[in-house]
Amino acid sequence: MKVTIVGAGAVGASCAEYIAIKDFASEVVLLDIKEGYAEGKAMDLMQCASLNGFDTKITGVTNDYSKTAGSDIAVITSGIPRKPGMTREELIGINAGIVKSVAESLVAESPNVILIVVSNPMDTMTYLAHKAIDLPKNKIIGMGGALDSARFKYRLAEALEAPISDVDGMVIGGHSDVGMVPLTAHATRNSVKVSEFLSEERLNQVMEDTKVGGATLTKLLGTSAWYAPGAAVSALVQAIACDQKKMFPCSALLEGEFGLNDLCIGVPVILGRNGIEKIVEIELSEAEKTKLHTSAEGVKKTNGLLEL
Ligand SMILES: NC(=O)c1ccc[n+]([C@@H]2O[C@H](COP(=O)([O-])OP(=O)(O)OC[C@H]3O[C@@H](n4cnc5c(N)ncnc54)[C@H](O)[C@@H]3O)[C@@H](O)[C@H]2O)c1
């Protein structure tokens with residue numbers, strides 16, 4: 001199993017590290033445009049191998065796509081991250097050009113690749129990848145909801161004063177501060193609805209804290225976060241590589257599902273060796289449907305900024 005990660009920055013390198021630690025891929029290629037940067041990150045990571053006990057071979061290359069040939073899975077993290085006070089949507093001008101050319105170069109070397117798009121604004125970058133390259137729709141996946149759901153579970157556990165392993169919950173919708181739809185009514189603690197433990201007011205606070213999870217970290221760190229994003233990407237890569245048939249909310253191209261068309265947005269999907277093997281149309285309340293459709297309008301507005 002060969003995995004390429006484009007962008008050896010904070011998220012790309014964190015993702016490579018988690019993939020290696022889990023030791024399910026034979027090879028990880030890190031590619032960056034900055035001379036020597038991916039090579040350096042790869043060497044540093046390889047020097048963890050004997051300490052952390054993995055055999056995954058990590059190599060780094062400067063913008064040489066021939067080294068990515070035959071990749072089974074490729075992750076796109078190249079582009080700029082946001083700074084404090086910025087929205088993800090403000091990154092579109094620079095990142096659209098990068099994501100388009102990177103996706104084209106990857107597919108030219110690996111025509112059967114499964115692509116995971118991470119660069120922001122992620123739902124729009126995933127849609128752009130669908131438009132730019134000729135891959136079946138199940139093979140282009142946007143990562144956002146897996147991270148947002150992990151942040152939701154963190155906030156739920158905090159409110160419940162419970163261990164995170166007791167908590168389950170999911171965030172669908174657009175990967176943006178206003179577009180996320182944390183499904184509080186579906187969230188559980190050991191199969192008991194969290195609404196049995198938390199007041200409506202506290203649950204609303206959990207929801208709001210989840211939606212600004214990325215912005216909160218960007219303010220603290222001065223740039224966007226990388227540990228949880230890297231872990232979330234590595235979980236998607238593992239689900240595909242190991243054919244786990246796991247359910248994650250991912251940005252998928254919708255053609256009528258949830259009453260939505262011609263956009264990529266976060267919905268529950270089953271991930272396996274074919275990428276998105278199924279979009280799971282869970283039952284939503286009227287309020288949740290309205291939130292998802294409002295979120296979709298926001299994503300479509302950002303998609304409208306693309307020069308397709
Ligand atoms: N979808 C999500 O949940 C999520 C989470 C966190 C970050 N992000 C996004 O991921 C992206 C990367 O974030 P980061 O913190 O790793 O940024 P970073 O600046 O640390 O790393 C980005 C890397 O991309 C490289 N790069 C730029 N143009 C390139 C090109 N044409 N080809 C190859 N490499 C190129 C840069 O040299 C840099 O090393 C940002 O757009 C950020 O907003 C998304």
Side-chain angles (χ1 to χ4, degrees), residues 4-18 29-42 60-65 67-68 74-84 86-106 109 115-129 141-152 171 173-177 179-180 210-218 221-237 248-251 264-266 299 302:
T4 286
I5 301 170
V6 180
V11 176
S14 157
C15 172
E17 183 179 7
Y18 287 120
V29 177
L30 271 173
L31 182 148
D32 204 282
I33 201 165
K34 248 188 272 173
E35 189 69 41
Y37 194 60
E39 288 85 338
K41 289 275 181 115
V61 289
T62 303
N63 221 23
D64 178 2
Y65 282 86
K67 298 288 190 324
T68 72
V75 179
I76 303 182
T77 75
S78 45
I80 53 164
R82 58 181 170 159
K83 295 275 170 240
M86 283 174 89
T87 66
R88 295 175 177 92
E89 289 71 19
E90 286 175 71
L91 307 173
I92 190 170
I94 295 177
N95 286 357
I98 295 174
V99 169
K100 184 169 186 285
S101 75
V102 166
E104 287 167 348
S105 306
L106 283 169
E109 296 293 341
L115 268 192
I116 300 178
V117 180
V118 182
S119 310
N120 276 315
M122 182 278 298
D123 297 293
T124 295
M125 295 301 103
T126 308
Y127 182 73
L128 171 63
I141 305 158
M143 194 296 289
L147 170 64
D148 302 332
S149 300
R151 289 177 171 158
F152 184 37
V171 177
H175 179 60
S176 71
D177 297 356
M180 281 178 216
T210 300
K211 287 163 75 173
V212 297
T216 304
L217 283 162
T218 302
L221 298 167
T223 184
S224 71
W226 55 89
Y227 293 119
V233 180
S234 78
L236 303 196
V237 171
F248 292 96
C250 290
S251 193
C264 294
I265 194 165
V299 172
T302 310

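For ligands, and for the atoms within them, numbers begin at 1 and follow the listed sequence.
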Check: [X] N/O within less than 3.5 Å of ligand 1 N/O:
{"X": "Leu91", "answer": "no"}
{"X": "Arg82", "answer": "no"}
{"X": "Val102", "answer": "no"}
{"X": "Pro229", "answer": "no"}

How close does the nearest protein non-hydrogen atom get to [atom], and which residue and atom is it?
{"atom": "atom 41 (O) of ligand 1", "answer": "Ile80 O, 2.9 Å"}
{"atom": "atom 34 (N) of ligand 1", "answer": "Ile33 N, 3.4 Å"}
{"atom": "atom 20 (O) of ligand 1", "answer": "Ala10 N, 2.9 Å"}
{"atom": "atom 12 (C) of ligand 1", "answer": "Thr77 O, 3.0 Å"}
{"atom": "atom 16 (O) of ligand 1", "answer": "Val11 N, 2.8 Å"}

_The test is side-chain contact (heavy atoms from CB on, under 4.5 Å); show your working for Asn95 and Met125 and say whether it passes._
CA-CA 8 Å; Asn95 286 357; Met125 295 301 103; 4.2 Å; yes
Is there a heavy atom of Thr223 sitting under 4.0 angstrom from any atom of ligand 1?
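Not so, Thr223 does not reach ligand 1.
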Could you tell me, atom by atom, which parts of ligand 1 come under 4.0 Å of a heavy atom of [X]?
{"X": "Gly79", "answer": "22 (C), 24 (O), 26 (N), 27 (C)"}
{"X": "Tyr37", "answer": "39 (O)"}
{"X": "Ser224", "answer": "7 (C), 15 (O)"}
{"X": "Leu147", "answer": "3 (O), 5 (C)"}
{"X": "His175", "answer": "1 (N), 2 (C), 3 (O)"}

With a 4.5 Å limit on heavy-atom distance, are the side chains of Ile98 and Ile33 in contact?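 Not in contact.
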Between [X] and ligand 1, find which residue part has any heavy-atom pair under 4.0 Å and reply side chain, backbone, both or neither.
{"X": "Val6", "value": "side chain"}
{"X": "Val118", "value": "both"}
{"X": "Arg88", "value": "neither"}
{"X": "Ile98", "value": "side chain"}
{"X": "Trp226", "value": "neither"}
{"X": "Asn95", "value": "side chain"}

- Would you mind finding which of Leu31, Asn120, Asp32, Leu217 brings a heavy atom closest to atom 37 (O) of ligand 1?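 Looking at heavy atoms only, the winner is Asp32.
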Inset, instruction - Run down the list Gly12, Gly9, Pro81, Ala150 and name the one with the heavy atom closest to atom 19 (O) of ligand 1. - result: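 Among Gly12, Gly9, Pro81, Ala150, the closest heavy atom to atom 19 (O) of ligand 1 belongs to Pro81.
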(request) Inspect the surroundings of NZ in Lys100 and state if more than 12 heavy atoms from other residues, nucleotides or ligands are less than 6.0 Å away. (result)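 No, because the 6.0 Å sphere around NZ of Lys100 holds 12 heavy atoms or fewer from other groups.
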All salt bridge (charged side-chain N to carboxylate O under 4.0 Å, His left out) counterparts of Glu39, not counting sequence neighbours |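 Per chain and number, Glu39 pairs via salt bridge (charged side-chain N to carboxylate O under 4.0 Å, His left out) with no residue.
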Fill in: Listed partners of Ser251 passing side-chain hydrogen bond (donor to acceptor under 3.5 Å, both in side chains), at least two apart
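Ser251 satisfies side-chain hydrogen bond (donor to acceptor under 3.5 Å, both in side chains) with Asp123 only.
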